There are 2 protein chains.
Amino acid sequence: MTNQIRTRPDKVKARQLEQNRNLFGRLSAAALASRVQAQRMLKSAGELSITEWRVLWDLAEAGPLTVTEMAAIQHTDHALISRAIPMMVRKGYATTSVSQTDRRQSLIELTDQGRDVFNQTSVVMSARRAALSRTFSEDDVDTFIKLIDRFEAFVEAPLPENPTAEAAP
Amino acid sequence: MTNQIRTRPDKVKARQLEQNRNLFGRLSAAALASRVQAQRMLKSAGELSITEWRVLWDLAEAGPLTVTEMAAIQHTDHALISRAIPMMVRKGYATTSVSQTDRRQSLIELTDQGRDVFNQTSVVMSARRAALSRTFSEDDVDTFIKLIDRFEAFVEAPLPENPTAEAAP
DNA sequence: AAAAATTATGTGACTTGTCACGTAAATATT
DNA sequence: AATATTTACGTGACAAGTCACATAATTTTT
C-alpha cells in the first residue's frame, strides 16, 4: 500500500522523462506553446486573430493576393483564410475584388487602415522574431530548419517507409 | 499590366522562400502535419482519437493515472483528457474510481479490452516511431530535442526578453 | 479548530485547423 | 465546338486545444 503510494509519482516522472525524447510529442507541444504566445501578444497589441495577423502580414509584404496564394504561403487550408476575410473587410482592413484575369479568384488587398494596423502590430511581432534571433544564431536556425525539413518530409509521406525486414522470409 | 501579371506569382514564391526560414511558421506546419499523419494512422488502425490514443498509451505504460498526471505527461490541458474519459469508459477501454487517498482525484485504469486495443493500435504507432528513428540518428534526435528545448523555453517565457538597447540612454 | 488558500476535476465558450462537398469558372480533351 | 477535368472559393461539420469558471476536497494559515 505505502509502497504503491510512494512509487506512483515516480512512474509519472519516469513516463515524463521517457516522453521527453518523443519528437512527435515535443514538436507538437512546442508549436502549441508558440501559438499561445502569439495569441497573447496579438491580444495585447490589439484585437487580431492569428489568421488575421498572417493575412495582414502576407498582404503587406506581397501586395494583393488571392485566398489560394495565401494558403500556399502559410502551408494551411484555404478554408482558414476564406473565413477570415469577411471580418477583415468589415473591420476595414482589406478589400476584395474579383480578379479580371480569372473570375473565380478574389483579390484581397490591404486598405490604408489595414496597413496602419499591420504597422502597429508589427512592432510587437517583429520584436518577437528579433528576440528569437538573439536566442538562435544563424547556424542554429540553419540546423533547426534542416531538421524540420526532414521531419516534415517524414510526416508528409503517405505511410512511414516500411523496413523490408518483415517482408523478408 | 502584363508586367503585373508576370510578377505577382514571383512575389508569392519570394514570400514563400522568405517564410521558409520562419521558425514559428515552420514548426507549426510540421507539428500540424504530424498530427494529421497520426490521425490518419489511428483511423486506419481503428477508431481512436488522438487524445484517446495518448491516454491508452500512458495508462498502458504507467499503470492507473489521474487526469492531472496524464495532462502533465502530455504537456496538455486537463480539459482535453477530462473530456476523453467518459467515451473511453463507455467503449469499455477504461474504468474510473475515486482515489482513496484524495477523493478529488479519479484514478483511470485500463481494462483488458483497453489493453487489447492498445496492443493492436500500438503495432501501427510504434512502427511509426521506428520508422522515424531510422530517419533520425540518436545524435540527430539529440540535436533536435535540444533545439526544441530552447525554442520551448523561448515561447514559454512571459515576454520575449527585451534587448537592453532601448533601455539604455 | 476555523478560515483562507490551493488543488483536481468537469464543463461552457471559444479559437485554430482539417476535410469533404457544392458551385462556378477556367482549362484540357475529344 | 462540345464535353470532361481541373481549379478557386465558400461553407458545414468536426477534431484538437485553450481558457475561465464552478464545485468539492485538500492543505495551509491563523
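Small disclaimer: the values here were computed from a predicted structure and weren't measured. Chain naming here is simple, since letters A, B, ... match the order of the sequence lines and numbering starts at 1 in each.
- Distances from the side chain of B:Gln39 to the nucleotides D:dA15, D:dT18, C:dG17 place D:dA15 closest.
- In this structure, of C:dT18, C:dT11, C:dA20, it is C:dA20 that holds the atom nearest to the side chain of A:His78.
- The base of D:dT18 sits with one of its N or O atoms less than 3.5 Å from a complementary donor or acceptor on the side chain of B:Arg83.
- Donor-acceptor pairing under 3.5 Å, judged by distance alone, is present between the side chain of A:Arg104 and the base of D:dT7.
- Note: CD1 (A:Ile81) to P (D:dT11) measures 15 Å, nearest angstrom.
- Side-chain contact between B:Ile108 and B:Met88: absent, with no pair of heavy atoms (C-beta onward) separated by less than 4.5 Å.
- Residue contacts for A:Thr68: at a heavy-atom cut-off of 4.0 Å it reaches the sugar-phosphate backbone alone, with no base atom in range.
- If you take CG of B:Asp102 and C1' of D:dA24, they are 11 Å apart, rounded to a whole angstrom.
- If you find the closest nucleotide of DNA chain D to B:Ser99 and to A:Val67, the one lying nearer the 5' end belongs to A:Val67.
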Side chain to side chain contact (heavy atoms under 4.5 Å, CB included) assessment of B:Asp149 paired with A:Arg26:
CA-CA 9 Å; B:Asp149 281 340; A:Arg26 290 301 310 275; 2.7 Å; yes
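- Distance B:Gln37 CD to D:dA16 C1': 17 Å, rounded to the nearest Å.
- As judged by a 4.0 angstrom heavy-atom cut-off over every strand, B:Ile50 is placed among residues touching the sugar-phosphate backbone only.
- For an aromatic pair to be called close, the ring centres must be under 6.0 Å apart, and A:Phe144 with A:Phe151 fails this.
- Nearer the 5' end of DNA chain C, as judged by each residue's closest nucleotide, is the contact made by B:Leu80, out of A:Arg54 and B:Leu80.
- Rounded to whole angstrom, the span from the NZ atom of B:Lys43 across to the P atom of D:dA15 amounts to 9 Å.
- Residue B:Met87 contributes atom CE, which lies 15 Å from atom P of C:dG10 at whole-angstrom precision.
- Contact of the A:Ser97 side chain with the A:Leu107 side chain is registered, since non-hydrogen atoms from C-beta on lie closer than 4.5 Å.
- When the C1' atom of C:dT23 is taken as reference, atom CD of A:Gln105 falls 16 Å away, rounded to whole Å.
- The nucleotide whose nearest atom lies closest to any side-chain atom of A:Thr76 is, among C:dT9, D:dC19, C:dT18, C:dT18.
- Between B:Thr66 and B:Ala33, the residue whose closest nucleotide on DNA chain C is further toward the 5' end is B:Thr66.
- Summarising the geometry, the separation between CD1 on B:Ile85 and C1' on C:dT9 is reported as 11 Å, rounded to the nearest angstrom.
- Taking side-chain N and O atoms only, B:Arg103 has no distance below 4.0 Å to OP1 or OP2 of D:dT23.
- The two residues B:Leu48 and B:Leu42 come nearest to each other via the heavy atoms O-CB, 3.5 Å.
- Taking atom CD1 of A:Ile108 as the reference point, atom C1' of D:dA8 lies 11 Å away to the nearest angstrom.
- To the nearest 0.5 Å, atom OG of residue B:Ser44 and atom CD of residue B:Gln39 are 12.5 Å apart.
- One finds a side-chain N or O of A:Arg40 lying less than 4.0 angstrom from the OP1 or OP2 phosphate oxygen of D:dC19.
- Set against C:dG17, C:dC19, D:dC9, the side chain of A:Asp77 has C:dC19 as its closest nucleotide.
- Note on A:Ser82: a base of the nucleic acid sits closer than 4.0 angstrom, heavy atoms only.
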